[in-house]
2 protein chains.
Amino acid sequence: MIKCHLSKLMGEKKLKIVDVARETGVNRGTITRLYHETASRVELETIDALCRYLDCDVGDLFEFKEDR
Amino acid sequence: MIKCHLSKLMGEKKLKIVDVARETGVNRGTITRLYHETASRVELETIDALCRYLDCDVGDLFEFKEDR
DNA sequence: TGCATAATGATCTTCAGGAGGACATTTTGA
DNA sequence: TCAAAATGTCCTCCTGAAGATCATTATGCA
């Protein structure tokens with residue numbers, strides 16, 4: 001499975017969903033879905049905006065985890 | 001920008017688009033788009049299948065690159 | 001070298017789900 | 001306590017992945 005660490009990254013920096021949405025320009029609903037890991041599809045543009053804003057790489061945001 | 005290294009990873013392993021499509025179960029058109037970096041949106045399920053098949057992590061497949 | 005087969009590129013339709021917005025509810029901090 | 005901010009939720013719109021098909025190109029082997 002693919003795990004999204006947005007909530008963890010945001011928690012570490014004590015960021016709010018509105019902050020991230022406002023600063024990245026990404027729709028709040030989209031941030032909410034990624035935060036709660038209910039998204040099943042992502043725009044590369046969204047990943048780009050998050051990596052830039054959070055100053056991280058794609059691997060920090062998404063992780064491949066073997067599910068057994 | 002977000003760079004997709006699928007073509008590089010496939011090249012290293014000398015894999016064909018049809019092979020990847022067949023083995024991962026991902027639609028060939030989707031593999032083609034990622035290969036040529038014309039995709040702007042990705043299913044997490046697709047990333048999952050590719051990471052599993054290529055035995056790599058998300059960060060190996062996608063990279064955040066500052067464009068200036 | 002010729003030819004059958006496989007691989008790729010390109011295009012069309014369908015449809016799931018993200019984008020964006022609106023409203024309700026909850027949380028906050030002054 | 002109460003107003004503003006933040007979050008949750010629901011709705012509609014629209015993009016692009018999925019899936020299929022056809023044309024073209026590359027391949028391997030007899």
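In the text below, chain A, chain B and the rest are named by the order of the sequence lines, each starting its count at 1.
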Between A:Arg52 and B:Met1, which heavy-atom pair has the shortest distance, and what is it?
-> NH2-N, 4.0 Å
Do you know which two heavy atoms are closest between A:Ile31 and A:Val20, and how far apart they sit?
-> CD1-CG1, 3.8 Å
Calculate, to the nearest 0.5 Å, the distance between atoms [atom1] and [atom2] belonging to [X] and [Y] respectively.
| X | Y | atom1 | atom2 | result |
| --- | --- | --- | --- | --- |
| A:Thr32 | A:Glu37 | OG1 | CD | 13.5 Å |
| B:Cys4 | B:Leu61 | SG | CG | 5.0 Å |
| B:Asp55 | B:Lys13 | CG | NZ | 6.0 Å |
| A:Leu54 | B:Phe64 | CG | CZ | 10.0 Å |

Could you check how far [atom1] of [X] sits from [atom2] of [N], rounded to whole Å?
| X | N | atom1 | atom2 | result |
| --- | --- | --- | --- | --- |
| A:Ile31 | D:dT7 | CD1 | C1' | 13 Å |
| A:Asn27 | D:dT9 | CG | P | 16 Å |
| B:Leu34 | D:dG16 | CG | C1' | 12 Å |
| B:Glu43 | D:dG19 | CD | C1' | 13 Å |
| A:Lys14 | C:dT28 | NZ | C1' | 17 Å |

Output one line per pair: protein atom, nucleotide atom from nucleotides 4-12 of chain C, and distance, for all N/O pairs under 3.5 Å.
| residue | atom | partner | partner atom | Å |
| --- | --- | --- | --- | --- |
| C:dT8 | OP1 | B:Ile17 | N | 3.2 |
| C:dT8 | OP2 | B:Ile17 | N | 3.3 |
| C:dT8 | OP2 | B:Val18 | N | 2.9 |
| C:dG9 | OP1 | B:His36 | NE2 | 3.2 |
| C:dG9 | OP2 | B:His36 | NE2 | 3.2 |
| C:dG9 | N7 | B:Arg28 | NH1 | 3.3 |
| C:dG9 | O6 | B:Arg28 | NH2 | 2.8 |

Please name all residues satisfying salt bridge (charged side-chain N to carboxylate O under 4.0 Å, His left out) with B:Glu23, sequence neighbours left out, ordered by chain then number.
-> none
Give a yes or no on whether a donor-acceptor pair under 3.5 Å exists between the nucleobase atoms of C:dA16, that is its base, and the side chain of A:Arg41.
-> yes
Hey, is A:Glu45 close enough to B:Arg41 for a salt bridge, meaning N to O under 4.0 Å?
->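 Answer for the salt bridge query: no.
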Determine which bases of DNA chain D form Watson-Crick or G-U wobble pairs with both distances under 3.5 Å, and write the result as a 5' to 3' dot-bracket string with | for other-strand partners.
-> ||||||||||||||||||||||||||||||
